[in-house]
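Report on the structure given below.
Throughout, protein chains are lettered first and strands after them, A, B, ... in sequence-line order, and every chain is numbered starting at 1.
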Protein chains: 2
Amino acid sequence: MFQINENYQKLPGSYLFSTIAKKVSAYQAANPDKSLIRLGIGDVTQPIAPAIIEAMHKAVDEMGHAETFRGYAPDLGYDFLRKAIVENDYQAKGCGISEDEVFVSDGAKSDSANIQEIFGEKNRIAVCDPVYPVYVDSNVMAGRTGTYDAKTETWSDVIYMPCTAENNFVPEFPKETPDLIYLCLPNNPTGTTLTKDQLQEWVDYANKAGAVIIYDAAYEAYISETDVPHSIYECEGAKTCAIELRSFSKNAGFTGVRLGFTVVPKELTCGDVSLNAMWARRHGTKFNGAPYIVQRAGEAVYSEAGKAQLKEQVAYYMKNAKTIKEGLKESGYTVFGGVNAPYIWLKTPNHMSSWDFFDYLLENANVVGTPGSGFGPSGEGYFRLTAFGNYENTVKALERIRAL
Amino acid sequence: MFQINENYQKLPGSYLFSTIAKKVSAYQAANPDKSLIRLGIGDVTQPIAPAIIEAMHKAVDEMGHAETFRGYAPDLGYDFLRKAIVENDYQAKGCGISEDEVFVSDGAKSDSANIQEIFGEKNRIAVCDPVYPVYVDSNVMAGRTGTYDAKTETWSDVIYMPCTAENNFVPEFPKETPDLIYLCLPNNPTGTTLTKDQLQEWVDYANKAGAVIIYDAAYEAYISETDVPHSIYECEGAKTCAIELRSFSKNAGFTGVRLGFTVVPKELTCGDVSLNAMWARRHGTKFNGAPYIVQRAGEAVYSEAGKAQLKEQVAYYMKNAKTIKEGLKESGYTVFGGVNAPYIWLKTPNHMSSWDFFDYLLENANVVGTPGSGFGPSGEGYFRLTAFGNYENTVKALERIRAL
């Protein structure tokens, strides 16, 4: 008789955003006349930029003619895209990353969930708390997290690094030595980040401890301050200890287009085993490339027209961020983030729990946000709003919140 | 110090098609004047059908306007696509599969590699031999296959079911009881298949043994004989023992478009645990949906115009299959497949090894095929040619082979 992967049974409840979606659907069904404003899930609302639309139309046409038709893509991504990535995201910033260190994928969510596969089962993971749920959940599924304590909402074998207002959202080096350290910077959900000097300390720590940093830089396009690094490879020594995950979802609005990439430097090894080679093998065996049309869309992100259009798009969302942050401040809320990231992280008023505030906001302002506790125990008492709505709705949402 | 997943170190050499690609590149570099004909990897060559191109253009336009822009897709796929799948692939064939049993993905390769994740580590897998390499390789990575014997090219914990000319390519029930049984029908690489009665025996066997059949039906569109089932759910009792993988790569030319789906019936359980719920959880945690544009392309596959155009496309490739099969027969080869599948499986002449014949064909006819032994030990002495080339090249390849 076959057996299931018992680790799945350990997962408490369902994926955070599925739970929110269900709650929102139920509320909307019961109140069909209410107009909800969704500032919960980090999903973009602005249309794909014209330069990218043009590139996709062209690629679609190519697929319709035998002379230009493309079948299976190269496992690791088309050269034209890997070249554009290396030139723009790395060489232009002084990071010596080469094309064969770049692995094109269908998005950073898949990569952030799959990357743990190439590591041993006994590795200890460390995560910031609060944190994007996929890092821990994918490790739960792999049996790496021990047992779950429903009371504290923590796993026995996960090292949690609290990031709260008390430590200014800068994680401290943990007491126990981790093997894998997940860092998402600029951070989801808190919208905060580290300076280059602060990140350098983590790189030095990882190299000394023999740990690998899984660096999720999905929000780097939103960085506005000059002392904040866009890539971990801006730090010295990062190539021997860090894997970087990148997404096109937030810098180019690709949440429904699906494209991302992962950088695994060739200098990153375990003894004489190359992690670059391992990830190449995983990619070649379990993935068959991102669609040609989508890779051409990715290439257009780096065109002159694409860059100019996306700069405007990012500015549009950051105007929302400012609107939310300032609106909340004026209403007396304590708020964080929103300067180098499209997320605003607020303290719930009157010590309400995160889920209570979720219900309160949904029912009284018809605004959907994300409960901080959904991202980990240290998120309790906090709440996330995203700047990815459209401007008119964002302004309206803030009016409703102020009127509470 | 972090550890790697040691199972990766057990994998012998690289992925079959990567090896072939490297050999071919090397030959082409050394012989730049030679014109190679590629009948190796199962990659399509015909352009995407007009009805699908039109649907993609429309979807691209939608992504370019705020009113019609789509962000994150529903985890399990858009309703419009799941509805089209259920109506056309299942209800029309009398299989009672419902929309919430269908999980849209970026392709059957990913699904066939990932599906093992929801099963226990100790499960014994059974595979046909020869077989599509991903089934075994993904289980090697998960530590489910024991040790590798380089001499016999087999894994100690894998149950092999030889499919050769001797048993007419019909796998026999294994002596040891497996937990997971991978069946690819119509078969890759042999191009052979089972009748509905023969498949029913496997369904009955699995239900009795408490095993799950992973049924890869990627080639079902090529079935021409009426007693061959298009879906395993045509067999009685399959819903309590089978997961079906489907691909748009071969029936609609989507190898570079990327779309597939997996059916996990709600009746498939382990005790009180639903495998449908487990796969939903995996999908929701580790995947973020297929692109909107691609899902609209998938929908167009089921439109009246799409169906008519794809019927022609399949007929085009099957004409190639006939050309190859008859050409080889006339040249004295012993050949199989090519009637319900786009693959022709031939016995190498003069007891040559599969790789020797690969080199022989590459060097003397400039035709690229796939060595049978790359699909498993029982594939030794066989060779695969695909019908996915264009017609002119296919005819030319056969002329070259005849001239040898």
Side-chain angles (χ1 to χ4, degrees), chain A residues 1-6 8-9 11 15 18 41 43-48 50 53 56-57 60 63-66 69-73 106-107 109-110 113-114 117-120 122-123 134 137-138 141 179-180 210-212 255-258 270 273 278 281 284-288 291-294, chain B residues 1-6 8-9 11 15 18 43-48 50 53 56-57 60 63-66 69-73 106-107 109-110 113-114 117-120 122-123 134 137-138 141 179-180 210-212 255-258 270 273 278 281 284-289 291-294:
Chain A
M1 174 74 194
F2 78 93
Q3 302 292 318
I4 57 162
N5 177 346
E6 293 289 347
Y8 275 61
Q9 298 309 105
L11 285 163
Y15 183 62
S18 312
I41 194 165
D43 197 0
V44 296
T45 51
Q46 292 304 294
I48 299 295
I53 292 291
M56 287 201 283
H57 275 307
V60 169
M63 295 297 276
H65 296 96
F69 172 78
R70 308 262 191 149
Y72 288 121
D106 69 326
K109 183 178 175 188
S110 308
N114 293 332
E117 274 185 40
I118 64 170
F119 295 96
K122 304 267 177 248
N123 285 6
V134 171
D137 286 359
S138 58
M141 291 170 168
D179 301 301
L180 299 179
V212 172
T255 54
V257 175
R258 311 305 315 141
C270 182
V273 179
M278 288 184 75
R281 185 69 199 242
T285 302
K286 297 191 173 188
F287 181 63
N288 226 336
Y292 173 68
I293 297 160
V294 171
Chain B
M1 176 73 195
F2 78 93
Q3 303 292 319
I4 56 161
N5 177 345
E6 294 290 346
Y8 275 61
Q9 297 310 104
L11 285 162
Y15 183 61
S18 313
D43 197 359
V44 296
T45 51
Q46 292 304 294
I48 299 296
I53 293 291
M56 287 201 282
H57 276 307
V60 169
M63 295 297 275
H65 295 96
F69 172 79
R70 307 263 191 150
Y72 287 120
D106 68 326
K109 183 177 175 190
S110 309
N114 293 331
E117 274 186 42
I118 63 170
F119 295 97
K122 305 267 177 248
N123 285 6
V134 171
D137 286 359
S138 59
M141 291 170 169
D179 301 302
L180 299 179
V212 172
T255 55
V257 175
R258 311 305 314 138
C270 183
V273 179
M278 287 184 76
R281 185 66 197 243
T285 302
K286 297 191 171 187
F287 180 64
N288 226 336
Y292 173 67
I293 297 159
V294 171

Please report the shortest heavy-atom distance between [X] and [Y], naming the atom on each side.
| X | Y | answer |
| --- | --- | --- |
| B:Phe287 | A:Ser110 | CA-OG, 4.1 Å |
| A:Pro291 | B:Val294 | CG-CG2, 4.3 Å |
| A:Lys286 | B:Ser138 | CE-CB, 4.1 Å |

Quick one: what part of [X] sits under 4.5 Å from any heavy atom of chain A, side chain, backbone, both or neither?
| X | answer |
| --- | --- |
| B:Val273 | side chain |
| B:Glu117 | both |
| B:Phe69 | side chain |
| B:Asn288 | both |
| B:His65 | backbone |

Residue [X] versus chain B: region with a heavy atom under 4.5 Å:
| X | value |
| --- | --- |
| A:Val60 | both |
| A:Thr45 | backbone |
| A:Asp43 | both |
| A:Met141 | side chain |

Output the option from [options] having the highest count of non-hydrogen pairs under 4.5 Å with chain B.
| options | value |
| --- | --- |
| A:Asp179, A:Ile4, A:Ile53 | A:Ile4 |
| A:Ala73, A:Gly210, A:Ala66 | A:Gly210 |
| A:Asn114, A:Ile41, A:Ile118 | A:Ile118 |

Checklist entry - Yes or no on side chain to side chain contact (heavy atoms under 4.5 Å, CB included) for B:Lys109 and B:Val134, after CA distance, side-chain angles and deciding distance? => result CA-CA 7 Å; B:Lys109 183 177 175 190; B:Val134 171; 4.1 Å; yes
For chain A, the option from [options] that forms the most heavy-atom pairs under 4.5 Å:
| options | answer |
| --- | --- |
| B:Gln46, B:Lys122, B:Glu6 | B:Gln46 |
| B:Val257, B:Ile48, B:Asp106 | B:Ile48 |
| B:Met63, B:His57, B:Met278, B:Gln9 | B:His57 |
| B:Gly120, B:Gly107, B:Ala113 | B:Gly120 |
| B:Tyr72, B:Phe119, B:Tyr8 | B:Tyr72 |

Checklist entry - Looking only at atom types and distance, does a side-chain atom of B:Asn123 sit under 3.5 Å from a main-chain N or O of A:Phe2, one as donor and one as acceptor? => result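 The answer is no, because no donor-acceptor pair under 3.5 Å joins these two groups.
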